[in-house]
Amino acid sequence: DMKVTQMPRYLIKRMGENVLLECGQDMSHETMYWYRQDPGLGLQLIYISYDVDSNSEGDIPKGYRVSRKKREHFSLILDSAKTNQTSVYFCASGSKQFFGPGTRLTVL
Amino acid sequence: QQQVRQSPQSLTVWEGETAILNCSYEDSTFDYFPWYWQFPRESPALLIAIRPVSNKKEDGRFTIFFNKREKKLSLHITDSQPGDSATYFCAASADNYAQGLTFGLGTRVSVFP
């Protein structure tokens, strides 16, 4: 059964703290994505990863970085989180973009 | 500038009616157009998709009509059911998915029994 997992599901951080969001997939997909979803703005692409250590900026990469050291894992990192990074973050995997369950991040 | 536009923002239909959701795009390099649906507190899920080589794609009660010349497409939901109540997103991608998806802002569909 194809699966995209995200951890944690919910996270509350204070402004200036570092944040690590993790995504895993068990389908050996080469390509993985990070999106954020905000009311009124829809889903926006943050980063794409084409394979291990092969990453590319999406439409809104500022304030984020990513890491992909294994094909099955793709991490999103917020160094010194800001309040405007409060959002729901979705990881997607594969050309058909199977979405994970999302991480609801609140930055206070 | 919104590259993918959807209308209407919200739509209410009665059970059994046909719901029509519209989508238009700007970028001529887009070559893949999926529709996703999303239920409250859940993640988006792929519903149906089309490539410009076709002008119609059907999957059960869901049909995409595509007009490449006008850069428009629409999703028709025939015999709408209350379980179809969700937000529907039109999306587009270029270069065979390599650029990721650009999403519209969505159409919220409510189907009343």
Side-chain angles (χ1 to χ4, degrees), chain A residues 1-10 21 23-25 27 29-51 54-61 64 66 68 74 76 87-105, chain B residues 1-10 21-27 29-52 57 59 62 64 75 86-109:
Chain A
D1 196 20
M2 299 177 290
K3 205 171 183 182
V4 179
T5 58
Q6 289 187 239
M7 292 292 288
R9 294 293 313 279
Y10 301 89
L21 306 184
C23 175
Q25 50 103 354
M27 298 164 277
H29 288 150
E30 293 178 351
T31 312
M32 297 181 73
Y33 311 80
W34 277 106
Y35 293 87
R36 63 179 282 178
Q37 185 174 30
D38 302 284
L41 294 177
L43 286 140
Q44 297 175 276
L45 179 65
I46 306 172
Y47 265 96
I48 307 169
S49 175
Y50 299 109
D51 211 332
S54 179
N55 306 314
S56 180
E57 294 180 346
D59 298 321
I60 53 162
Y64 303 95
V66 292
R68 187 138 179 235
F74 188 32
L76 181 68
S87 186
V88 180
Y89 291 86
F90 287 104
C91 171
S93 177
S95 59
K96 291 190 175 181
Q97 304 206 29
F98 294 100
F99 278 77
T103 295
R104 188 173 294 270
L105 172 66
Chain B
Q1 183 184 5
Q2 193 70 22
Q3 290 281 335
V4 176
R5 293 192 181 90
Q6 289 186 247
S7 66
Q9 274 188 300
S10 62
L21 290 66
N22 300 304
C23 179
S24 63
Y25 62 97
E26 299 289 329
D27 191 336
T29 66
F30 287 148
D31 59 6
Y32 174 65
F33 300 89
W35 285 82
Y36 285 79
W37 58 351
Q38 184 177 30
F39 299 94
R41 293 281 176 170
E42 294 190 12
S43 54
L46 179 64
L47 178 61
I48 186 173
I50 194 168
R51 290 195 172 274
K57 177 75 176 291
D59 185 355
F62 300 90
I64 300 174
L75 176 68
T87 299
Y88 292 75
F89 292 97
C90 174
S93 179
D95 194 19
N96 198 28
Y97 325 115
Q99 304 303 317
L101 289 170
T102 298
F103 283 84
L105 297 184
T107 294
R108 181 177 291 183
V109 174

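Any value given below was found using the heavy atoms of this structure, including those in side chains, with hydrogens, waters and symmetry copies removed. Naming: A, B, ... by sequence-line order, numbering from 1 per chain. Note that the structure is a prediction, hence the values are computed from the model and not measured.
- For the pair A:Lys96 and A:His29, the minimum side-chain heavy-atom distance is 4.5 Å or more.
- For B:Pro34, no part lies near chain A; criterion is any non-hydrogen pair under 4.5 Å.
- Annotation: maximal heavy-atom pairing with chain B below 4.5 Å, among A:Asp59, A:Leu43, A:Leu45, A:Leu41, occurs at A:Leu43.
- Between B:Phe62 and B:Trp37, the ring planes lie perpendicular to each other; the angle is over 60°, past the 30° to 60° tilted range.
- The two residues B:Gly104 and B:Phe89 come nearest to each other via the heavy atoms O-CD2, 3.4 Å.
- Looking only at side-chain heavy atoms (C-beta outward), A:Gln97 and A:Phe90 stay at 4.5 Å or farther from each other.
- At a 4.5 Å heavy-atom cutoff, the contact between A:Tyr35 and chain B is made by side-chain atoms alone.
- With a 4.5 Å cut-off on non-hydrogen atoms, B:Gln6 does not touch chain A at all.
- For chain B, no part of A:Gln44 is nearby; none of its heavy atoms comes within less than 4.5 Å.
- Classified by interplanar angle (parallel below 30°, tilted 30° to 60°, perpendicular above 60°), the ring pair A:Trp34/A:Phe74 is tilted.
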